[in-house]
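Any value given below was found using the heavy atoms of this structure, including those in side chains, with hydrogens, waters and symmetry copies removed. Every chain is numbered from 1 and lettered A, B, ... according to where its sequence line falls, protein lines coming before strand lines.
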Amino acid sequence: MEEEREEYIKLFEEETREYLNQLESLMIDLEKEPGSESIISEIYRIFHTIKGMAASLDYKEIEAISHDLEEKLEEVKEYGEKLGRKIIDRIFSSIDKIENLLDKIRNKESPFLKITLKDDVKLSAARAAVIIKRIETMSEIEEIKPTFEEIKSGNIKRTFRVRCSNYKKIKDLVDSMEEVEEVSIERKEIKSRTLRGGIEGIRVNVELLDHLQNLVGELAVSSSRLSTILKKFGGEKFRRVLEVHNRTVKELQEIVSKMRLVSLSLIFNKFSRYVRDLSRELGKKVTIDIFGSDIEVDRSLLESISDPLIHLIRNAVSHGIESPRERKKLNKSTTGKVTVSAKRVKGDIVIEVSDDGIGIDEKEVLLTAFKKGLVRDEELESLSKKEILRFLFIPGFTTRGEVSKVSGRGVGLDVVKEAVRSVGGSVELETEKNKGTTVTIKMPLSMAIIKVYLVGLKKQLFAIPMRFVDETLMIPKDSLSYLMGREMMLLRKEVLPVYRFSNIMEENSYQEENHSFLPCVVVEMENERFALIVDSFRGSADAVVKPLPFPINNINGYTGITIIGKGEPCLILDLPGLKYRRRYENTGS
Amino acid sequence: MEILSFTLSDKLFGIMVENVKEIVETSLTTPVPLAPKYVEGVMNLRGDPVAIIDLKQKIGFEGKSSSNYIILCSIKGSVVGLRVDDIQDIHEIPEETLKDVPTSIEGEIESKYIKGILQIGEDEYIVIDVDELI
């Protein structure tokens, strides 16, 4: 019974949160379309459902709040009363209240422990006080009946009740005490159970899903190993069986990835409300347009980009968009605009956060970089705008105080970048003074299995995430040249900076000097294209990404490790990370 | 208390058995460029990558081990492999037999790495404190 109730409570909490999410986006819709009957009906319906669920679990406060709103909305619906600002504000505050109550339920739904002292115990008040003190050392007491004061003053017979965290352990503890006759767990009964229509989905523990995905990943890797063996030894029968096997594994992989997908709307829906509240607070007029919230991404990705996105939106509203008066002076509409858009590009998801605000003046950025010693005198003239804007991502480059004056925006971009990079993604920034700023986040749809391109350095293989690889080609050695002390290469009329993989990895190259063609990977990432010369090409592969083991888990330059071929570990390169390593080295010398 | 003994450059060492997960024999590790020098590389332990430390390098001895022996230890909750020259034996000893570090070897190895000195007959073993290694 007790566990069953816990299940219901969990279900209730999760479902209600989903409903609140829906409510928030409905409210925003309503602001755009005031008085829309269908929206009002939908809001009404949701409060009605919440009320029913809360009632069945005896959550009186939530029930009352929803009931109250339900009635108000009924008036609006039935009598055509206007849905005024007052009611709208009330709905918003009710959403917050219910959310708070849900938090409380999650933390505080511990049952009462009913403790009965033995018949012959003397000084029961003192005994009870001692027991309570003992409980206090091991858990947090939420409620005592009668109250502790009452108990101390002797107002107690043989029984008292304590509601505390960690109650299962506490029950055992109290059970073992000599003066205690009996301890039992007391819970409210469930009154009824809401039965819903046909079951379309079930809730699955995320850990189980992660585990399943790992196993399927392993299966995929052993499949590709079997294929390698087949190539070596042949066998028609083996080939046919393996073909079927591989197809099944592939399908399994797709299904598991799909199971982990959740819609971006889960976080995107919160943005409208956030911008609305923040802009009011700051006395600005800001609207937000959201595109692509129906796109689905891996659950773990969603969790890790939620905070960075909120951060970017906050930057846009508080530092990007100007006050209505300033905007008027600049001949702009007094209402600023923030746009969040998501789209799928190849195997990636691209999310853009842009505003039509003040923009970032790259000259100011350059000046700050110079003051911080990141730029040498002779570089002051030669750095491109892209190169200058990259400073904004250096940890600690922007601090709140300086930024509001200097560049208007860019606070904490390093933190955003770190978070995005941890899921194998990259961040780019474009800006124009008085026109606005766009930050673009690019990352893989799924974190656990990614496509990689394998390159060799000496005898070792390294994996480059395919997303960074634009093309691979053998280049004639004589297409390389030095320009202003930098190695450059001409590719179809485009001049690309050249980096030697061996230099980056601080190893000696295997490439013999007399080879006239060099294997070269054209890399495109973070506002930059460059050519990476490697020792050899080893083809593409599906990589199951595993974290780097302790104590090398914090090395800059790798995002993870995968197991390839006969089972040897292969490092997955973090090209943006390596680039920054290089950047620091350059400025250091 | 049980001590697993091993050698590094013909010197005798030991670590507490309670820190040891297993001993594996392999020379196959994948180097990790850009990692600290004492990191020999990573190995694949039944599907999971494990970092291998060249213990000689770590404690400041000359050269690198060329043996096949890796002691997999639990360090700060993670599995880490220690490459050693040779594995010897397991000794069961009372805890108090562990002596403080004599001044004679001080300076040779950083003292925080040393848990104590174990004397068995003629032989003196330097017992390593694996939790201090990293």
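Counting only heavy atoms from C-beta outward, the side chains of B:Ile53 and A:Pro551 approach each other to under 4.5 Å.
Of the atoms belonging to B:Ile75, heavy atoms from both backbone and side chain fall under 4.5 Å from chain A. Of the atoms belonging to B:Val42, heavy atoms from both backbone and side chain fall under 4.5 Å from chain A.
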Run the side chain to side chain contact (heavy atoms under 4.5 Å, CB included) check on A:Glu568 and B:Asn44 step by step: do they pass? CA-CA 6 Å; A:Glu568 60 264 32; B:Asn44 171 8; over 6 Å; no

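Heavy-atom minimum distance, A:Gln460 versus B:Pro33: NE2-CD, 4.3 Å.
Screening A:Leu548, A:Ile561, A:Ile552 against B:Val32 for a side-chain contact (heavy atoms from CB on, under 4.5 Å) leaves a single residue, A:Ile552.
To the nearest 0.5 Å, atoms OG1 (B:Thr30) and CD1 (A:Ile564) are separated by 7.5 Å.
Sparse packing is recorded around NZ of B:Lys115, with 12 or fewer heavy atoms of other residues, nucleotides or ligands lying under 6.0 Å away. More than 12 heavy atoms of other residues, nucleotides or ligands shown are found within 6.0 angstrom of NZ on B:Lys76. With a 6.0 Å radius and a threshold of 12 heavy atoms from other residues, nucleotides or ligands, B:Asp10 has its CG atom at or below the threshold.
Ranked by heavy-atom pairs shorter than 4.5 Å toward chain A, the options B:Ala35, B:Ser78, B:Pro49, B:Pro36 are led by B:Pro49.
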